Amino acid sequence: IKVLPQNDKYINIISHKQTIPVLYSDIQNIVSDSNYILICINDTEHRCRMSFGEISEKLLSDNRFCVINRGVLINFDYVIKMEHNLCYMKNDKTFSINIRKRSSLEQELIEYRFNKKMEDIQRRQI
């Protein structure tokens, strides 16, 4: 039980006229594209007709997600680093960071990683 992941939330997306259940943990990033959004899931992009505000409202309730710039939402689990106004992702994508929010976004990433590490430590001690 210690090794198994906790129950992960999921969201249903509609891509190519099919409803696909997607775990929050599999979502790497989401980018707004006019009336569509591009969702990167396990290095595969899905194009969905959904507003960026609609999906970000659902995902931002989870602390691993963050809007780093207009129309760009990332999952902190897939971030390598944030430096020089850029966010480097594990899937070799790079996104620009909102300059005004740069320091607070970097701090959010640090706090997220710290809290995640503490949860892992506590889980191992049980």
Side-chain angles (χ1 to χ4, degrees):
I1 293 174
K2 291 179 191 175
V3 177
L4 294 174
Q6 296 177 350
N7 292 340
D8 199 4
K9 299 176 191 175
Y10 72 95
I11 188 169
N12 288 318
I13 63 166
I14 299 171
S15 180
H16 302 293
K17 298 181 183 179
Q18 292 181 333
T19 301
I20 306 167
V22 178
L23 292 173
Y24 281 21
S25 60
D26 291 339
I27 299 172
Q28 296 172 334
N29 58 272
I30 298 174
V31 178
S32 175
D33 181 27
S34 195
N35 292 331
Y36 294 87
I37 55 171
L38 299 173
I39 303 176
C40 188
I41 303 165
N42 297 328
D43 296 327
T44 304
E45 279 196 352
H46 295 273
R47 191 167 190 241
C48 305
R49 187 165 178 88
M50 182 185 288
S51 73
F52 183 78
E54 184 181 339
I55 195 155
S56 61
E57 182 180 320
K58 293 176 184 177
L59 295 178
L60 288 176
S61 63
D62 192 313
N63 65 348
R64 76 185 107 183
F65 292 101
C66 180
V67 176
I68 61 167
N69 210 340
R70 185 174 181 169
V72 180
L73 185 137
I74 58 156
N75 183 338
F76 281 140
D77 291 334
Y78 295 94
V79 173
I80 296 173
K81 64 181 177 179
M82 288 185 181
E83 80 180 8
H84 305 299
N85 300 330
L86 294 174
C87 177
Y88 298 92
M89 305 292 288
K90 290 180 181 177
N91 59 3
D92 294 329
K93 291 189 178 185
T94 306
F95 299 105
S96 62
I97 299 172
N98 185 317
I99 295 170
R100 293 185 191 121
K101 296 181 181 178
R102 189 189 93 208
S103 60
S104 65
L105 291 171
E106 290 172 349
Q107 187 62 38
E108 275 186 61
L109 176 62
I110 292 167
E111 289 173 9
Y112 173 76
R113 287 181 173 167
F114 177 79
N115 292 333
K116 187 174 178 183
K117 188 64 95 175
M118 292 302 291
E119 288 173 10
D120 289 345
I121 292 169
Q122 290 173 351
R123 192 175 307 134
R124 282 189 226 136
Q125 291 176 350
I126 296 175

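Just so it is clear, the structure is predicted and the values come from calculations on it, not from any experiment. Sequential numbering from 1 along the given sequence is applied to the chain's residues. Worth knowing before you read on, the calculation uses all heavy atoms, side chains too, and leaves out hydrogens, waters and symmetry mates.
Residue D77 comes nearest to K90 through the heavy atom pair O-NZ, 3.2 Å, listed as atom of the first residue, atom of the second, then distance. Residues S25 and Y78 share a closest heavy-atom pair of O-OH, 2.7 Å. In plain terms, the two heavy atoms of P21 and Y10 that are nearest each other are CB-CD1, 4.0 Å. In plain terms, the two heavy atoms of L105 and C66 that are nearest each other are CD2-SG, 3.3 Å. The shortest non-hydrogen separation linking S15 to R47 is OG-O, 3.6 Å. The two residues E83 and E106 have their closest heavy-atom pair at CA-OE2, 4.4 Å.
A distance of 15.5 Å separates CZ of R49 from CD1 of I13, quoted to the nearest 0.5 Å. To the nearest 0.5 Å, the span separating CD1 on I80 from SG on C87 amounts to 9.0 Å. Annotation: the span from K93 atom NZ to E45 atom CD amounts to 3.5 Å, rounded to 0.5 Å. With rounding to the nearest 0.5 angstrom, the NZ atom of K116 is 9.0 Å from the CD atom of E119. Between the SG atom of C48 and the CG atom of N35 there is a distance of 13.0 Å, given to the nearest 0.5 Å. Atoms CD and NE2, on Q18 and H46 in that order, are 10.0 Å from each other to the nearest 0.5 Å.
Annotation for E57: atom CD does not count as buried by contact number, only 12 or fewer foreign heavy atoms lying within 6.0 Å. For CD1 of I14, the number of neighbouring non-hydrogen atoms (other residues, nucleotides, ligands) closer than 6.0 Å is 12 at most.
Criterion: ILVMFWY side-chain heavy atoms under 4.5 Å apart, direct or through other members. Under it, I41 and V31 are not part of a common hydrophobic cluster. Hydrophobic clustering (side-chain heavy atoms under 4.5 Å, transitive across Ile, Leu, Val, Met, Phe, Trp, Tyr) keeps L73 apart from I97. Under the 4.5 Å side-chain heavy-atom criterion for Ile, Leu, Val, Met, Phe, Trp and Tyr, I74 and F65 are members of distinct hydrophobic clusters. Hydrophobic clustering (ILVMFWY, side-chain heavy atoms < 4.5 Å, transitive): L109 and I68 are in one cluster. Under the 4.5 Å side-chain heavy-atom criterion for ILVMFWY residues, no single connected hydrophobic cluster contains both L86 and V72.
Side-chain N or O atoms of N115 include one that pairs as donor or acceptor with a backbone N or O of E111 at under 3.5 Å.
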Report task. Show your working on side chain to side chain contact (heavy atoms under 4.5 Å, CB included) between I30 and S56 and close with a plain yes or no. Result -> CA-CA 9 Å; I30 298 174; S56 61; over 6 Å; no
Query - Derivation and outcome, side chain to side chain contact (heavy atoms under 4.5 Å, CB included), residues Y112 and R64 - result: CA-CA 7 Å; Y112 173 76; R64 76 185 107 183; 3.4 Å; yes
**Report entry** Test salt bridge (charged side-chain N to carboxylate O under 4.0 Å, His left out) applied to K117 and D120, step by step
**Finding:** CA-CA 5 Å; K117 188 64 95 175; D120 289 345; 5.7 Å; no
Report task. Under the side chain to side chain contact (heavy atoms under 4.5 Å, CB included) rule, what do M82 and F95 come out as? Steps first, then yes or no, please. Result -> CA-CA 9 Å; M82 288 185 181; F95 299 105; over 6 Å; no
Requested in this report: Test R70 against N98 for side chain to side chain contact (heavy atoms under 4.5 Å, CB included), laying out the working first.
Outcome: CA-CA 8 Å; R70 185 174 181 169; N98 185 317; over 6 Å; no
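For the side chain to side chain contact (heavy atoms under 4.5 Å, CB included) criterion with I11, the lone passing option out of I27, L23, I39 is I27.
Put simply, the side chain of V79 reaches to within 4.5 Å of the side chain of R113, judged on heavy atoms.
Of the N and O atoms on the side chains of N75 and Y24, not one donor lies less than 3.5 Å from an acceptor on the other residue. Using a 3.5 Å distance cut-off with no hydrogens or angles, the side chains of N29 and N91 do pair a donor with an acceptor. Between N69 and S96, the side chains place a donor N or O and an acceptor N or O closer than 3.5 Å (distance only, hydrogens not considered).
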